[in-house]
Participant: 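Sharing a structure with you now.
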Amino acid sequence: MSVPIRPLLHARGISKFFPGAVALDAVELKLNPGEVHALLGENGAGKSTLIKCLTGAYRRDGGTVTLDGQDVSPASTNEAQALGIGTVYQEVNLLPNLTVAENLFLGRQMTRFGLVRRRAMNARARAVLEDYGLSIDPAEPLTSYSVAVQQVVAIARAVEMSGKVLILDEPTASLDRDEVQLVFGVIRRLKARGLAIVFVTHFLDQVFEICDRATILRNGRVVGERLLEAVRPDDIVTLMLGRQLEARVQARRSGPGGEVLVELEGLGRRGMLEPVSLSIRAGEVVGLAGLLGSGRTELATLLFGAVAADSGTVRKRGRALRLARPRDAIAARFALCPEDRKTHGIVADLSVRDNILLALQARQGWMRPVPRARVNEIAEHYRRALDIRAASLDMPIRLLSGGNQQKALLARWLATRPDLLILDEPTRGIDVGAHAEIIALIERLREEGMALLIASSELEELVAYSSRVVVLRDRRQVGALEGSRITPDNIIGAIAAQTPQTPQEVPA
Amino acid sequence: MISQTTPSVFKRVLPQLVILAVVLACNLAVFPGFFALSVHDGRVFGNLVDVLNRGAPVALLCIGMTLVIATRGIDLSVGAVMAIAGAVAASVLAGGQGWGTALLGALAAGLLCGLWNGVLVAVLRIQPIVATLVLMVAGRGIAQLITEGTILTFLDPGMIRLGAGTVLGLPTPIWIWIGLGALVITVVRRSALGMLIEAIGINEAASRLAGINSRVLLICVYGVTGFCAALAGVIVAADIKGADANNAGLWLELDAILAVVIGGNSLLGGRFSILASLLGALIIQSVNAFILLSGLPPEFNLIIKAVLILAILVIQSPKVGHALYMLRAGGLPLGGRTKARSPLTSKEEKAQ
Amino acid sequence: MKLKATLLAGAAVLLPVLAQAGDLTVGFSQIGSESGWRAAETTVTKQQAKERGLTLKFADAQQKQENQIKALRGFIAQGVDAILLAPVVATGWDQVLEEARDAEIPVILLDRTVDAPQELYLTAVTSDLVHEGAVAGQWLVDAEAGEDCRIVELQGTTGSSPALDRKKGFEQAIADHPNLKIVRSQTGDFTRSQGKVVMESFLKAEAPGSICALYAHNDDMAVGAIQAIKEAGLQPGKDIKIVSIDGVPDAHLAIAHGEMNATIELTPNMAGPALDALEAYLKDGTAPPKWIQTESRLFTAKDDNMAIYEEKKTLGY
């Protein structure tokens with residue numbers, strides 16, 4: 001890219017505070033005309049907060065935004081659109097029952113004497129869409145076309161209404177390979193027209209294919225702005241995941257554990273996860289590494305039967321299991337602490353005690369209630385063992401801190417005495433103290449002979465406790481690391497996969 | 001163990017007890033003989049007995065309705081199911097069978113209706129309000145088909161005793177609803193059913209991941225509701241010695257929902273108290289008694305009811321509860337009254 | 001029959017009921033079968049047609065005006081000789097009645113009237129609701145013969161015209177008799193169960209033995225109230241006199257058992273007077289009056305209520 005004279009949009013020192021958290025800390029973003037700019041970062045890095053500040057969905061708490069040299073601070077998305085900043089989201093938010101043309105001109109229909117000029121509107125829509133390489137009938141309902149076409153219509157609508165800056169928030173997340181190319185074609189045309197385009201995605205190869213420049217966020221701060229021609233994927237991944245703790249590697253032993261407990265053979269589901277094969281031994285921690293959307297949560301979900309797999313088999317101690325529902329997995333003594341604690345983990349209004357007891361009671365069935373004395377014994381035991389800090393076990397779990405909620409969820413599953421414990425992001429969103437305690441608990445459980453499968457975006461953590469790390473990218477298993485090869489560098493290398501560090505297949 | 005739970009149960013239903021006391025006091029004000037009881041032929045008479053007796057249909061309905069609402073659902077069809085059950089009972093009797101067979105037939109029909117709703121909600125994943133609306137509309141038609149549009153009367157003394165008879169001096173319906181209420185409360189709280197139902201209502205996704213068989217539980221809960229409605233339908237039919245498909249249980253689903261709400265249960269599901277709902281049903285019936293005893297022209301009936309119910313709900317709202325709490329904290333010696341505070345706030349406080 | 005008609009819901013299906021050969025063909029658009037009385041009216045209309053050797057084409061409208069209009073157009077298209085219409089609502093009939101007039105088919109309204117110009121229909125056969133109330137009131141005036149009597153009243157559904165008119169007629173009849181006083185009046189929604197519930201509260205609210213008579217706006221409420229009176233240990237019909245309106249079979253049964261004193265019949269035979277007028281009109285063009293009032297006959301213990309009960313039971317009440 002040529003060196004631009006002046007950025008089209010320049011955001012400086014953008015800050016946004018939420019109660020008890022700094023979402024954005026003096027963030028800078030420079031968008032040049034005719035450039036596709038990637039905005040990268042893990043979940044919670046601040047990408048969507050930044051976008052919302054730019055489009056007026058949020059009011060920023062500090063900083064300035066200049067557009068074409070003018071200071072702007074849109075108070076709503078409509079105002080941002082009028083200024084020239086348009087946004088397209090992952091989920092197409094058009095009206096599926098209306099026609100393509102109506103969607104394109106919604107809110108600014110061409111009218112004469114108060115009546116919609118349908119024919120003129122259709123003709124105009126056809127002309128507009130041809131500019132985007134689409135020759136479709138704009139009089140047809142939007143739903144008669146594929147998601148990719150709908151996405152292009154959404155882009156066309158955003159550009160027609162704004163025209164300077166286009167923000168694309170994961171526009172390709174639900175598209176297949178050919179459809180992605182359709183959208184990319186449109187992006188290249190718009191780039192040639194001189195628009196500044198922000199592209200948010202979790203697919204690193206797409207970033208390198210379409211983008212010119214990238215701003216990387218972590219924990220609400222900009223950790224780097226890079227011209228993509230000049231960097232390797234490793235560098236980007238390193239920036240995204242960060243490397244604060246270098247030296248905890250010595251805590252790990254490479255002992256291969258005991259007997260093989262669980263074997264996955266080609267476990268997968270179309271559109272969700274390509275077949276994965278791996279085995280987990282008793283007394284072993286297998287880590288799942290990969291960026292968000294790489295398939296690490298999906299693997300945990302399929303293995304637990306929360307979503308039924310459509311290919312592959314899972315065997316436990318050599319016996320094939322049928323895992324169509326979580327109940328099946330629980331019957332096989334699997335347990336899963338999900339990634340999203342609030343929506344998939346805690347039952348907010350129930351007491352801490354009931355939350356701890358829930359899985360055990362569900363397995364026993366409602367007719368055989370766990371006796372109250374036993375309930376108290378179990379809850380007290382885990383309150384002490386995991387140091388769950390609650391004024392009373394009778395208080396609703398929603399009043400606990402994130403760390404204590406997570407410990408209560410761990411207690412819920414430990415109470416079922418599982419053979420395989422699956423943890424998805426066990427330390428996300430919890431305070432430092434609880435964090436260390438959970439890591440220590442993982443060690444202890446492993447020593448007691450439990451098999452653990454842990455998905456995490458915290459590389460140091462994975463390095464600290466994993467006996468083996470399976471790396472996923474683009475919903476595919478791309479490698480595995482064992483023993484002394486488990487280092488943050490090697491994991492990053494495998495994720496970025498320009499030069500695969502360990503191209504070996506995982507032992508089945 | 002009982003000594004451990006009794007105070008919290010009492011605390012939970014205190015607002016309902018206070019409201020009931022206030023409404024009964026209003027009754028006493030318009031009709032000084034309200035609390036008078038007398039005995040004729042071994043049968044106790046009095047307005048209090050009437051409240052307990054006439055409250056039976058709504059009380060029975062709200063037992064099941066509380067459970068359904070706890071799962072974040074609702075059942076609009078209970079009124080129509082009452083009509084179906086009454087019609088089935090009457091037609092079985094008309095076919096020459098005994099009252100036992102008629103009762104079983106009616107209960108089976110109600111259970112079937114409930115299971116139908118449950119399958120629509122739990123298996124086909126239709127929104128409860130829509131799923132049960134189907135039977136609400138169609139159910140009365142089904143009942144009319146069974147009775148062929150007439151009031152199907154019967155004279156079987158066994159059946160009539162269920163609605164108009166007495167046991168130990170009190171009308172049978174009182175024993176029936178108190179018995180079923182006690183049974184369901186015991187089963188729900190002594191087994192793990194209550195906790196699992198609450199878990200589904202609060203967070204179904206998390207409950208499923210914790211291994212709760214939400215599908216079967218939901219179907220069962222709607223089944224129980226259908227059963228309760230059938231029993232209510234039999235009582236109403238037995239009371240007038242006939243099945244009136246057009247009018248039996250008409251609009252009672254709304255009274256049942258109202259009873260659950262007055263009982264302090266959230267329509268958003270979760271924690272529930274059947275006992276509080278039953279008190280809610282008695283509160284509604286006491287309001288009805290007030291209207292009848294007041295002697296005002298019937299044009300005022302709905303207005304009086306609306307105003308009283310509105311007052312009850314306003315007093316129960318968290319905002320007003322908070323204001324009352326602040327008043328008390330400001331030095332008003334209202335003693336231990338925790339009037340009109342939601343169960344959750346009182347729980348939180350206890351936890352502090 | 002009714003069952004079948006109900007099953008064929010939705011479209012206004014024309015069911016040729018009596019395909020007897022006759023000189024005249026008459027179409028009958030019935031509202032539906034929402035009450036026992038309505039069912040009886042249908043039965044009696046069919047009987048009347050049969051007795052007169054008419055061919056009756058029957059259409060059940062399932063409570064929908066659109067179905068009735070469709071049925072009327074169907075009758076017109078088939079070229080029937082006359083149409084009997086029991087209208088579900090009062091308004092919206094002008095156009096289809098004009099079509100019938102243009103086709104020179106006389107239309108006779110049964111049981112209810114419509115808001116349309118009088119020349120659009122031949123006549124309307126209905127009962128007089130105020131008169132019914134007045135007959136009930138007059139019976140009580142005669143029965144009490146000057147003795148003091150505290151009356152309780154069970155009203156129909158609040159605001160409905162039968163409730164308003166039957167109340168009005170009764171009050172007019174007792175107005176000049178200060179010995180008769182309505183002490184409590186509450187709605188029983190025309191249903192048996194509410195009749196029973198409200199009567200229970202009346203019995204509690206008034207001093208024991210102080211209620212002398214009950215006036216119910218329909219028999220169903222009276223039947224419910226009889227149960228309440230019995231359960232309170234009193235004798236209905238003796239301790240408390242009971243008069244109500246409609247003349248349904250169960251009311252006759254109650255009178256036969258001495259548990260009720262009088263009922264005023266709302267006759268289901270609207271078709272009889274209607275067909276009389278029609279035959280006269282078709283024969284020599286005799287124009288009937290625009291309103292034919294049916295008889296509001298008083299039934300008391302003097303009648304053979306058991307026989308009436310058995311007879312009425314067959315009508316489909």
Side-chain angles (χ1 to χ4, degrees), chain A residues 300-301 304-307 325-331 334-338 340-373 375-376 390-400 409 412-413 416 424, chain B residues 1-5 7-8 11-12 67 70-72 184 186-221 224 265-266 268-273 342-352:
Chain A
T301 309
F304 195 62
V307 174
R325 308 173 299 168
R327 291 172 61 76
D328 300 335
I330 293 166
F334 290 4
L336 167 70
C337 275
D340 189 338
R341 197 165 49 234
K342 285 223 156 40
T343 60
H344 293 134
I346 62 167
V347 179
D349 283 340
L350 283 192
S351 66
V352 178
R353 187 196 316 273
D354 286 349
N355 266 283
I356 290 176
L357 203 72
L358 199 59
L360 183 63
Q361 185 62 67
R363 189 173 69 189
Q364 288 213 6
W366 64 269
M367 273 180 294
R368 295 197 299 138
V370 180
R372 193 141 270 272
V375 170
N376 288 334
S392 152
L393 289 174
D394 287 321
M395 68 195 282
I397 196 169
R398 67 189 155 84
L399 299 177
L400 266 51
L409 288 182
R412 172 193 293 177
W413 289 112
T416 66
D424 194 356
Chain B
M1 183 183 113
I2 288 174
S3 60
Q4 192 189 354
T5 55
S8 70
K11 211 170 166 185
R12 169 66 180 81
L67 297 177
T71 67
R72 211 174 254 247
V184 173
T186 309
V187 168
V188 159
R189 289 304 171 192
R190 288 298 165 93
S191 77
L193 206 52
M195 180 179 98
L196 299 184
I197 287 171
E198 287 175 348
I200 292 176
I202 297 165
N203 189 339
E204 200 188 341
S207 304
R208 214 175 74 87
L209 283 174
I212 297 176
N213 199 339
S214 62
R215 188 178 287 191
V216 168
L217 267 186
L218 277 176
I219 293 176
C220 287
V221 163
V224 168
N265 299 296
S266 166
L268 295 177
R271 308 300 301 261
F272 67 88
S273 164
S342 83
L344 290 175
T345 40
S346 53
K347 267 267 158 64
E348 279 161 40
E349 248 158 48
K350 202 170 73 184
Q352 302 306 301

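So you know, we letter chains A, B, ... as the sequences are listed, proteins then strands, and number each from 1.
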Participant: Is it the side chain or the backbone of A:Arg368 that comes within 4.5 Å of chain B heavy atoms, both, or neither?
Facilitator: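 When you check distances to chain B, no heavy atom of A:Arg368 falls under 4.5 Å.
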Participant: Okay, side chain of A:Arg325, backbone of B:Arg208: is any donor-acceptor separation there less than 3.5 Å?
Facilitator: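 No.
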Participant: Please identify, among A:Ile330, A:Leu409, A:Leu350, the residue contributing the most non-hydrogen atom pairs under 4.5 Å to chain B.
Facilitator: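 Heavy-atom pairs under 4.5 Å are most numerous for A:Leu350.
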Participant: Between A:Ala306 and B:Leu209, what is the shortest heavy-atom contact and its length?
Facilitator: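 For A:Ala306 versus B:Leu209, the nearest heavy atoms are CB-CD2, 3.5 Å.
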Participant: Relative to chain A, which of B:Ile202, B:Ile197, B:Val216 shows the most heavy atom pairs under 4.5 Å?
Facilitator: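 Sorted descending by pairs with chain A, the first entry is B:Ile202.
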Participant: Please rank B:Ala205, B:Gly211, B:Ser207, B:Gly270 by heavy-atom pairs under 4.5 Å with chain A and give me the top one.
Facilitator: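 The answer is B:Gly211.
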Participant: Would you name the heavy atoms of A:Pro369 and B:Arg190 that are closest together and state the gap between them?
Facilitator: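 Shortest heavy-atom contact: CG-O, 3.2 Å.
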Participant: B:Leu217 versus chain A, heavy atoms under 4.5 Å apart: side chain, backbone, both or neither?
Facilitator: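 The side chain, not the backbone.
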Participant: Which pair of non-hydrogen atoms, one from A:Leu358 and one from B:Ala199, has the smallest distance, and what is that distance?
Facilitator: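 Taking every non-hydrogen atom into account, CD1-CB, 3.9 Å.
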Participant: Considering all heavy atoms of both residues, which atom of A:Lys342 and which atom of B:Asn203 are nearest to each other, and what is their separation?
Facilitator: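 That would be O-ND2, 3.4 Å.
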Participant: Contact part of B:Val187 toward chain A, heavy-atom cut-off under 4.5 Å: side chain, backbone, both or neither?
Facilitator: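 For B:Val187, the contact with chain A is made by the side chain alone.
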Participant: Please find the pair of heavy atoms, one from A:Trp366 and one from B:Leu196, that lie closest to each other, and give the distance.
Facilitator: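 Minimum heavy-atom separation between A:Trp366 and B:Leu196: CB-CD1, 3.8 Å.
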Participant: Give, as side chain, backbone, both or neither, the part of A:Ile346 having an atom under 4.5 angstrom from any heavy atom of chain B.
Facilitator: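 Only the backbone of A:Ile346 comes within 4.5 Å of chain B.
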Participant: So which heavy atom on B:Ala210 is nearest to which on A:Ala362, and how close?
Facilitator: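 Residues B:Ala210 and A:Ala362, closest heavy atoms: O-CB, 3.7 Å.
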Participant: Which value, rounded to the nearest 0.5 Å, describes the distance between B:Ser214 atom OG and A:Arg327 atom CZ?
Facilitator: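 If I round to the nearest 0.5 Å, the distance is 9.0 Å.
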Participant: As an exercise, state the distance from CE of B:Met195 to OG of A:Ser351, rounded to the nearest 0.5 Å.
Facilitator: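 Answer rounded to 0.5 Å: 8.0 Å.
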